[in-house]
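The chains referred to below are lettered A, B, ... by the order of the sequence lines, with proteins before strands, and numbering in each begins at 1.
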Protein chains: 2
Amino acid sequence: MTNGKEATLHHRILSDIEGRIVSGEWPPGYRLPFEVDLAAQYGCSRMTANKVLTHLARAGLIERRKKSGSFVAQPVMQAAVLEIHSIEAEVRSLKLPYSYRLERRILREAGPADRQHLELSETASVLDLVCLHHAGERPFCLEERLINLATVPEAEGEDFARLAPGTWLISQIPWSTAEHKIYALSASADVAKTLDIPRNAACLVIERRTWGSSGPVTFVRFTYPGDRHALVARFTPGGEN
Amino acid sequence: MTNGKEATLHHRILSDIEGRIVSGEWPPGYRLPFEVDLAAQYGCSRMTANKVLTHLARAGLIERRKKSGSFVAQPVMQAAVLEIHSIEAEVRSLKLPYSYRLERRILREAGPADRQHLELSETASVLDLVCLHHAGERPFCLEERLINLATVPEAEGEDFARLAPGTWLISQIPWSTAEHKIYALSASADVAKTLDIPRNAACLVIERRTWGSSGPVTFVRFTYPGDRHALVARFTPGGEN
DNA sequence: CGGATTATTATGTATATACATGTTCAGCCA
DNA sequence: TGGCTGAACATGTATATACATAATAATCCG
């Protein structure tokens, strides 16, 4: 497999420079050698050095200024990648049997609250769904969802009795933009009863708004019992590689 | 602002192809034209087409296979970028005065719990800090931190009376890897008292483990009153640009 | 001496070219 | 028919070259 070498010339140069930066040998603000010097140093052409520096710049490790040169950037560490798995995958990774149940399915005109959630300016029909995801016998997650029928009219023909709306939607809207909001909330009486947890237990809430190329698609709120669920996010300077 | 032009040839090609993908015109699995055909189509060289496709592949929008060609990838939508600001910046963005107070500072040998938090195999000295961040008059966030003195011996000489340890650390360990864990928790009696919130109120907890090039650096747990704080994460196919 | 003009310099983008590498496919031979 | 071999092909990487662009440094002149 990939034994970490990837001995292409520009990977070697890249990880060398990356190493100097993350180790602190080249501290923030340090001006690194010019492209021509790097090229000479590594015995490669300027294009190759350029590629490496461009990559480092896109990864945020360096900052480039014309005429002045390239500088090690100030570490910002303001971004981490949050992995968002499907609930089914999440449950199965705990080696528990997954099951899904539709609790409610209402078709209606969007009210003011719906319009705010979906960021709709005009009125439209929405599908209001409530589902419950189980891990084994216990409720794992409560899903409250609005689907904008103006953008996804096909949703009206789906009953979502067996297929979770999230799963169905990714097959309909292939690529989309999403915004997440994550916070903690004490369980209301309703939520506590549905999730089978004590009243006022802390819950982790994830709200997601999704847009496709033709407008707002869906708004969804996932409520997890807080002590049984955690999100994990990772950050590595230089990113993927 | 960025008016979407960026009229370099390869940005135009890139956003054109990106558009076809996100709009669904080229659905997942679709084989896009070969590099030579794209080059001909846009009247550019193969190198330029290659650059664009390489970019799209790195962004995860397409998948490339030798001999076969390049294909629109299956949408995964499993990653979102979580922006993590400094607490001071966060408070100031709410237009509230920020203040910081050190509550505790203990130097000790790492116990089993400390070693687990820092993922230390051997024993070492750690600095155990508790700080409180205020927004105006109200407590905004409780910070409980361990610093590994084997990696950051300079921390022993800091009293952290006025400077928050997070701020100090990024000046010491310029570039680092971090892992975050986010969950909800009911406030214990202690936490409730410290944060001036009701007992059992839902709190948002963010734990962060940080590594530098020479080993584990710090473990920190931020506890926020859950109803007053939310994290926001965004995902756009194609990423930064 | 100061302000405008010009030259220099480093990066940014693009092209043409070359060869390497990994797949697929077609054809060959047993 | 079955398996092997090699040609064809698409991508991957690297080089040399060219010109554009932006910022600084140097120069010139009123």
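Residue B:Lys66 places a side-chain atom within donor-acceptor reach of the base of C:dT21, judged by atom type and a 3.5 Å distance cut-off alone.
If you measure from atom CZ of B:Arg65 to atom C1' of D:dG12, you get 16 Å, rounded to the nearest angstrom. We find that CD1 of A:Ile62 is positioned 11 Å from C1' of C:dT11, with the value rounded to whole Å. For A:Lys51 and C:dG12, the NZ to P distance is 15 Å, given to the nearest whole Å. Rounded to whole angstrom, the span from the CZ atom of B:Arg58 across to the P atom of D:dT13 amounts to 11 Å. Regarding A:Arg64, its CZ atom lies at a distance of 18 Å from the P atom of D:dT21, rounded to whole Å. In this structure, A:Glu35 atom CD and D:dT15 atom C1' are separated by 15 Å, rounded to whole Å. Rounded to whole Å, the distance from CZ on B:Arg31 to C1' on D:dA10 is 10 Å. Between the CD atom of B:Glu63 and the P atom of D:dT11 there is a distance of 13 Å, rounded to whole Å.
With D:dA10, D:dA14, D:dA23 as the candidates, the nucleotide lying closest to the side chain of B:Phe34 is D:dA10.
Residue A:His10 places no side-chain N or O under 4.0 Å from the OP1 or OP2 atom of D:dT13. Between B:Ser70 and D:dT11, a side-chain N or O to OP1/OP2 separation shorter than 4.0 Å is present.
Note on A:Arg20 versus A:Asp16: salt bridge recorded, some NZ/NE/NH1/NH2 to OD/OE distance being below 4.0 Å.
Note: A:Tyr224 and A:His229 have parallel aromatic rings, judged against thresholds of 30 and 60 degrees for the angle between ring planes. Between B:His133 and B:Tyr100, the ring-plane angle classifies as tilted under the 30° and 60° cut-offs.
A donor-acceptor pair shorter than 3.5 Å cannot be found between the side chains of A:Glu90 and A:Tyr98. There is a side-chain donor-acceptor pair under 3.5 Å between B:Thr218 and B:Arg145.
Residues of residues 42-50 of chain B that place a heavy atom closer than 4.0 Å to DNA chain C, in numerical order, are B:Gly43, B:Cys44, B:Ser45, B:Arg46, B:Met47, B:Thr48.
Within the 4.5 Å cutoff, no side-chain heavy atoms of A:Val205 are placed close to those of A:Ile182.
Proximity of a side-chain donor or acceptor of B:Ser15 to a complementary backbone N or O of B:His11 within less than 3.5 Å is detected.
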